[in-house]
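Letters go in sequence order (proteins before strands), and every chain restarts at 1. All figures in this text were calculated on a predicted structure; none of them were measured in a lab.
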Protein chains: 2
Amino acid sequence: MAKIKNLPENTLERLIIYFKVLDLLEKNKIEAISSEELAKRCGINPAQLRKDLSFVGNLGTKGVGYSVKSLKYNLKKFLGITQEWNLILGGITPLAEYLLQNKALSKAGFYFMAAFDRKEANIGKIINGVSVYSLDQLDYVFKAVKVDIGVITEEETPEIYLEAFLKHNLKAILNLSSVPFFVEDDKIQIENFSFEMSLTKLSFFLKHLA
Amino acid sequence: MAKIKNLPENTLERLIIYFKVLDLLEKNKIEAISSEELAKRCGINPAQLRKDLSFVGNLGTKGVGYSVKSLKYNLKKFLGITQEWNLILGGITPLAEYLLQNKALSKAGFYFMAAFDRKEANIGKIINGVSVYSLDQLDYVFKAVKVDIGVITEEETPEIYLEAFLKHNLKAILNLSSVPFFVEDDKIQIENFSFEMSLTKLSFFLKHLA
DNA sequence: AAGTGTGAACTTTTTCACAGCT
DNA sequence: AGCTGTGAAAAAGTTCACACTT
C-alpha cells in the first residue's frame with residue numbers, strides 16, 4: 001500500500017479497529033475512556049494507540065483521557081467515512097448477490113450504483129435496485145454516475161473486470177476473487193481478500209500450534 | 001497474532017499469496033520460475049520473496065530458480081492445507097448461507113460440520129447438508145466431531161458465539177461480524193474481517209489521494 | 001552464467017519513559 | 001495526581017549485495 005501522510009498500513013488498520021470499538025462503546029453509553037482501557041479492548045499496547053492517534057491529531061485531554069464521541073467523530077472524518085462512496089460490482093456471483101442485499105454497507109455509506117456481468121442472461125436484471133450491465137456499457141455508467149470503488153467478485157476471469165475498471169480510471173479496487181492482484185502504480189489501491197486466505201492463516205496457526 | 005517459528009505475520013500473508021499465484025501459474029502450464037519473476041507478479045521485492053521462502057526451507061535450485069509444482073506443494077504443506085479442517089458456523093445470516101453453499105471452501109479443504117443459531121425457527125434446518133443446532137447442543141456436536149475452526153457470522157450478539165466456542169476449547173476463530181474481537185491468550189488465534197473495514201481502507205486512500 | 005540463500009546494512013515500526021498539560 | 005503526546009531507544013522487518021551452487 002502506498003503510504004499516505006507517512007501513515008503505516010498497520011496504523012490505518014488499527015485506526016479502523018479503534019473506530020469500530022468506539023462505536024460499540026458509544027452504543028453501550030460509555031462516554032470517556034483512557035488509552036490504556038481502549039488499547040486493552042483492541043488487544044494492543046497503550047503507547048501504540050496514542051502514537052497511532054497522534055497521526056490524526058491531538059484528540060485527548062492530558063490527565064483525563066478521550067471523549068468517546070469526539071474521538072469516534074475525528075477518526076470517522078480522518079478515515080473518509082463521513083462522506084458517501086459509490087461502488088460498482090464486477091461479476092454476478094452468490095457473493096455479489098449477498099453484497100447487493102447487505103444493508104450494513106449502505107448504512108456505512110457505501111452504495112452500489114451498478115453491477116456488471118459477462119453472462120448474457122444476467123444483463124438487464126435488477127438486483128435489490130441495482131441494474132446489471134454488460135461490460136461494454138461501462139462507458140455509459142461511468143459517464144452517468146461518479147464511481148469511487150470497484151468490487152470484483154467474479155472467479156473465472158476477474159482480471160477482465162480489473163482491466164476494464166482501471167481503464168476507466170478507477171483508483172480503488174476491492175478484489176474478492178481468490179487470486180490476488182497487484183499493480184505498480186501507487187495511485188491505485190487494491191485490497192485483496194478471500195475467505196480461503198483468512199482460513200489458511202488459521203490453518204497455519206493450527207498446524208504449528210503443537 | 002502470536003508468532004510461530006519466528007514467522008512474521010506479513011510473511012505468512014505473503015506465503016499464502018505466493019501459493020495462490022503459483023496455483024495460477026500451474027494452471028497456465030508454467031513449470032519453472034525465478035524469484036524475480038514470481039516477486040514481480042506478487043508486487044514485492046525478490047529478496048523479500050527469497051527471505052520469506054527461507055522460513056519454509058531450501059526450496060529452489062541455485063542458478064536455476066524454482067519448480068512451480070514443488071514450490072507450491074511445499075508451501076501447501078507448510079501452510080497446513082494438505083490436510084482438511086472442520087468448521088462450525090455461529091449465526092444463520094445471509095453471509096452464513098453464502099458460506100455454506102460455497103464450493104471453493106470445501107475444495108480447499110475447509111468443511112462446515114454444523115451451524116448454530118439462536119432463533120428457534122432456524123434450529124433443525126439443514127442448509128446445503130449442514131444441520132443448524134441451538135447453542136446448548138454445542139457439547140453434543142463437539143463430542144460427535146472434531147472441530148478446528150469457528151466462523152462467526154452473527155451481527156447482533158457475536159460475542160455469545162465467541163464465548164461458547166472458546167469454552168469448548170476451540171483455538172481458531174474467523175470473526176466476520178463487524179466488531180473485531182481480541183483475546184489475551186496467544187494459544188488462541190482470531191482473524192477479524194469485515195467488508196466494511198476493507199472498504200474503509202479504500203475510503204481513506206481515496207480521501208487522502210488528492 | 002545465472003539465480004538462490006543469507007549475513008549485514010538499512011529502514012520502519014513498536015515500545016519505553018517522561019515532560020507537560022489539566 | 002493522572003494521563004496524554006512524543007522524542008529516544010529497542011525491536012522487527014526489509015533490502016542489499018555477494019558467496020555459493022548448479
Side-chain angles (χ1 to χ4, degrees), chain A residues 1-18 22 25 30-72 74-75 78 182 184 186 201, chain B residues 1-18 22 25 30-72 74-75 78 182 184 186 201:
Chain A
M1 152 131 187
K3 274 210 268 180
I4 296 153
K5 291 187 159 199
N6 265 357
L7 192 82
E9 169 150 20
N10 285 350
T11 294
L12 172 57
E13 288 182 1
R14 286 191 300 264
L15 289 176
I16 299 174
I17 290 171
Y18 307 151
L22 286 163
L25 290 172
I30 293 166
E31 295 188 354
I33 196 160
S34 67
S35 64
E36 185 165 343
E37 176 62 19
L38 181 55
K40 209 173 86 185
R41 291 184 185 242
C42 299
I44 61 141
N45 178 301
Q48 173 96 265
L49 176 120
R50 295 198 299 274
K51 182 79 88 184
D52 287 342
L53 293 183
S54 75
F55 284 99
V56 184
N58 286 15
L59 308 177
T61 308
K62 295 186 179 186
V64 179
Y66 302 88
S67 144
V68 170
K69 189 177 165 181
S70 116
L71 182 54
K72 183 188 148 187
N74 278 291
L75 285 176
F78 185 75
F182 307 94
E184 307 269 303
D186 72 352
K201 282 172 80 172
Chain B
M1 152 132 188
K3 274 212 267 179
I4 296 154
K5 294 186 156 198
N6 266 354
L7 191 81
E9 169 149 20
N10 285 350
T11 295
L12 172 57
E13 287 182 1
R14 286 191 300 264
L15 289 175
I16 299 174
I17 290 171
Y18 307 151
L22 286 164
L25 290 172
I30 294 167
E31 294 189 352
I33 197 160
S34 67
S35 64
E36 186 165 341
E37 176 62 20
L38 181 55
K40 210 173 85 185
R41 291 184 185 243
C42 299
I44 61 143
N45 178 301
Q48 173 96 265
L49 174 107
R50 295 199 300 274
K51 181 80 88 186
D52 287 342
L53 294 182
S54 76
F55 284 99
V56 183
N58 286 14
L59 307 177
T61 309
K62 295 186 179 185
V64 178
Y66 301 89
S67 145
V68 169
K69 190 178 165 179
S70 117
L71 182 54
K72 183 187 149 187
N74 278 292
L75 285 176
F78 185 75
F182 306 94
E184 306 270 303
D186 71 352
K201 283 172 79 173

Rounded distance in Å - [atom1] ([X]) to [atom2] ([N]):
X: A:F55; N: C:dT12; atom1: CZ; atom2: P; value: 12 Å
X: B:L12; N: D:dA12; atom1: CG; atom2: P; value: 18 Å
X: B:K51; N: C:dA8; atom1: NZ; atom2: P; value: 11 Å
X: B:Y66; N: D:dT22; atom1: OH; atom2: C1'; value: 14 Å
X: A:N10; N: D:dA12; atom1: CG; atom2: P; value: 14 Å
X: A:D52; N: C:dT12; atom1: CG; atom2: P; value: 17 Å
X: B:E9; N: C:dT14; atom1: CD; atom2: C1'; value: 15 Å

Drop me the distance from [X]'s [atom1] to [Y]'s [atom2], to the nearest 0.5 angstrom.
X: A:L15; Y: A:L49; atom1: CG; atom2: CG; value: 8.5 Å
X: B:I17; Y: B:N10; atom1: CD1; atom2: CG; value: 9.5 Å
X: A:T11; Y: A:Q48; atom1: OG1; atom2: CD; value: 6.5 Å
X: B:Y18; Y: B:I44; atom1: OH; atom2: CD1; value: 3.0 Å

Looking at every non-hydrogen atom in both residues, tell me the closest pair between [X] and [Y] and how far apart they are.
X: B:L25; Y: B:L38; result: CD1-CD1, 4.1 Å
X: B:F78; Y: B:F55; result: CE1-O, 4.1 Å
X: A:A32; Y: A:V68; result: N-CG2, 3.8 Å
X: B:R14; Y: B:D52; result: NE-OD2, 2.6 Å

| task | Mind listing the residues from residues 56-63 of chain B sitting with a heavy atom below 4.0 Å of DNA chain C? Number order is fine. | result | B:N58, B:L59, B:G60, B:T61, B:K62, B:G63
| said: Checking B:Y66 now: which residues fulfil side chain to side chain donor-acceptor pair (under 3.5 Å) with it, not counting sequence neighbours? | reply: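 Result, side chain to side chain donor-acceptor pair (under 3.5 Å) vs B:Y66: none returned.
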| Which residues pass the side chain to side chain donor-acceptor pair (under 3.5 Å) test with A:S67, sequence neighbours left out? | none
| field | Pairs involving residues 36-48 of chain A, ordered by first then second residue, that meet salt bridge (charged side-chain N to carboxylate O under 4.0 Å, His left out) (sequence neighbours left out) | value |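 Qualifying pairs: A:E37-A:R41.
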| In which stems does DNA chain D show up, taking only runs of three or more Watson-Crick or G-U wobble pairs whose two distances fall under 3.5 Å? | C:1-22 with D:1-22
| Near-strand residues of residues 31-50 of chain B, defined as heavy-atom separation under 4.0 angstrom from DNA chain D | B:N45, B:A47, B:Q48, B:R50
